[in-house]
Enquirer: 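Here it is, the structure, as structure tokens.
Just so you know, these numbers use all the heavy atoms, side chains as well, and skip hydrogens, waters and symmetry mates. Chain letters run A, B, ... following the sequence lines, proteins first and then strands; every chain starts at 1. Predicted model, so just to flag it, every value in this text is computed and none were measured.
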2 protein chains.
Amino acid sequence: MDTGDRLLTPGEVAALFRVDPKTVTRWAAAGRIGSIRTPGGHRRFRESEVRALLEGEGEFDEDNPPGGPAPAAQPGPSAAPRAAGSRPGGY
Amino acid sequence: MDTGDRLLTPGEVAALFRVDPKTVTRWAAAGRIGSIRTPGGHRRFRESEVRALLEGEGEFDEDNPPGGPAPAAQPGPSAAPRAAGSRPGGY
DNA sequence: AAGTATTTGGGTAATTAGGGCA
DNA sequence: CGTGTCCTAATTACCCAAATAC
């Protein structure tokens, strides 16, 4: 079955990233984060994907493998493994 | 193999979309989702339609195509009346 | 038949979406 | 270029009551 991806609201993701909900919406609009739309037009985000982003799996030195976490986040149906690219937050 | 003719209760659909059961009822009232009414007046939703809605909106990175789309979502006997097409650009 | 859990209905407050601007 | 804040409009969430489903 699914990995049990809970869906988070923009406000939840925004609080997790310490940004404005508007910014989260922009990430979804830019395709930097997967988003599920409700019939009403609102967006929902996958908890597993947000967590993966929060883990800081952005770009790390290839000689700096994560020796502890090993999230092993498994997007079930159709989640996209974000290989690399940009780092939201730009910190 | 069932094509997904299983009927879901508003609470089930609400949990899938991370919304309130009341919101699901509004979707049915707005014709955004097919609904079957019980003789008592309660609504029931088709599992296949709900799943199609959940995965159908999956946006993916342009350079990250989903390896296995295979939605295999049959429109079933009564196709979904997509009446929510009236969204000209903005609001 | 009785019970509990869920759903329904209407109304109001909070959040979200979209665009433009700083 | 990215983020934050402004606006308006739409959608959603929670309150109450009663009815229905199992």
Enquirer: Among D/dT12, C/dA17, D/dG4, find the nucleotide with the atom closest to the side chain of A/Thr23.
Expert: D/dG4
Enquirer: Rounded to the nearest 0.5 Å, what separation is found between the CG atom of B/Leu54 and the CZ atom of A/Arg37?
Expert: 14.0 Å
Enquirer: What's the CG-C1' distance between A/Asp20 and D/dC6, to the nearest Å?
Expert: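 Nearest whole value for this atom pair: 12 Å.
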Enquirer: What's the spacing between A/Ser35 OG and A/Glu49 CD if we round to 0.5 Å?
Expert: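 Here the rounded value is 8.5 Å.
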Enquirer: Taking only side-chain nitrogens and oxygens of B/Thr25, does any of them come within less than 4.0 Å of OP1 or OP2 of C/dG9?
Expert: no
Enquirer: What nucleotide, of C/dG18, D/dT5, D/dA13, holds the atom closest to the side chain of A/Arg37?
Expert: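 Nucleotide nearest to A/Arg37's side chain: C/dG18.
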Enquirer: Both distances under 3.5 Å, Watson-Crick or G-U wobble: report the partner of D/dT3, or none.
Expert: C/dA22
Enquirer: How bent is the helix from C/dG3-D/dC22 to C/dG19-D/dC6, measuring the angle between the end axes built from five pairs each, rounded to 10°?
Expert: 60°
Enquirer: Drop me the distance from A/Arg6's CZ to A/Arg46's CZ, to the nearest 0.5 angstrom.
Expert: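 Between atom CZ of A/Arg6 and atom CZ of A/Arg46 there are 13.0 Å.
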Enquirer: For nucleotides 10-15 of chain C, give me every protein contact, N/O to N/O, under 3.5 Å, one pair per line with atom names.
Expert:
| unit_1 | atom_1 | unit_2 | atom_2 | d |
| --- | --- | --- | --- | --- |
| C/dG10 | O6 | B/Lys22 | NZ | 3.0 |

Enquirer: Counting only side-chain nitrogens and oxygens, does A/Trp27 get under 4.0 Å of the OP1 or OP2 atom of D/dG2?
Expert: no
Enquirer: Let me know the distance between CG of B/Leu7 and P of D/dA21, rounded to the nearest Å.
Expert: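 The distance from CG of B/Leu7 to P of D/dA21 comes to 14 Å, rounded to the nearest Å.
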Enquirer: Which value, rounded to the nearest 0.5 Å, describes the distance between A/Arg44 atom CZ and A/Ile36 atom CD1?
Expert: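 Answer rounded to 0.5 Å: 10.0 Å.
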Enquirer: Write down the distance between CD (B/Glu12) and P (C/dT6), rounded to a whole number of angstrom.
Expert: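 It works out to 10 Å between those atoms.
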Enquirer: With a cut-off of less than 4.0 Å, is there a side-chain N or O of B/Arg32 near OP1 or OP2 of D/dT11?
Expert: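 Checking B/Arg32 against D/dT11: at least one side-chain N or O falls below 4.0 Å of OP1 or OP2.
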Enquirer: Distance check needed: D/dT12 P versus B/Ile33 CD1, whole Å only.
Expert: 12 Å
Enquirer: A quick test of your reading: do over 12 heavy atoms of other residues, nucleotides or ligands sit less than 6.0 Å from CZ of A/Arg51?
Expert: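 12 or below, so no.
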Enquirer: Measure from CD1 on B/Ile36 to P on C/dT7 and round the result to the nearest Å.
Expert: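 So the two atoms are 16 Å apart, to the nearest Å.
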Enquirer: When you check the phosphate oxygens OP1 and OP2 of C/dG9, does a side-chain N or O of B/Arg43 lie under 4.0 Å from one of them?
Expert: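 Affirmative; the distance criterion is met.
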Enquirer: Under the side-chain contact (heavy atoms from CB on, under 4.5 Å) criterion, do A/Thr38 and B/Trp27 qualify, and how do the steps go?
Expert: CA-CA 9 Å; A/Thr38 67; B/Trp27 296 344; 3.8 Å; yes
Enquirer: Report yes if some heavy atom in the side chain of B/Ile33 is under 4.5 Å from a heavy atom in the side chain of A/Pro39; otherwise report no.
Expert: no
Enquirer: Work out which heavy atom in B/Pro10 is nearest to a heavy atom in B/Arg43; give both atom names and the distance.
Expert: CD-O, 3.3 Å
Enquirer: Take atom CZ of A/Arg18 and atom C1' of D/dG4, then tell me their distance rounded to the nearest Å.
Expert: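 Rounded to the whole Å, the gap is 16 Å.
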Enquirer: Between side-chain atoms of residues 15-24 of chain B and protein atoms elsewhere (two or more places apart, or another chain), which donor-acceptor pairs fall under 3.5 Å?
Expert:
| unit_1 | atom_1 | unit_2 | atom_2 | d |
| --- | --- | --- | --- | --- |
| B/Arg18 | NE | A/Leu7 | O | 3.2 |

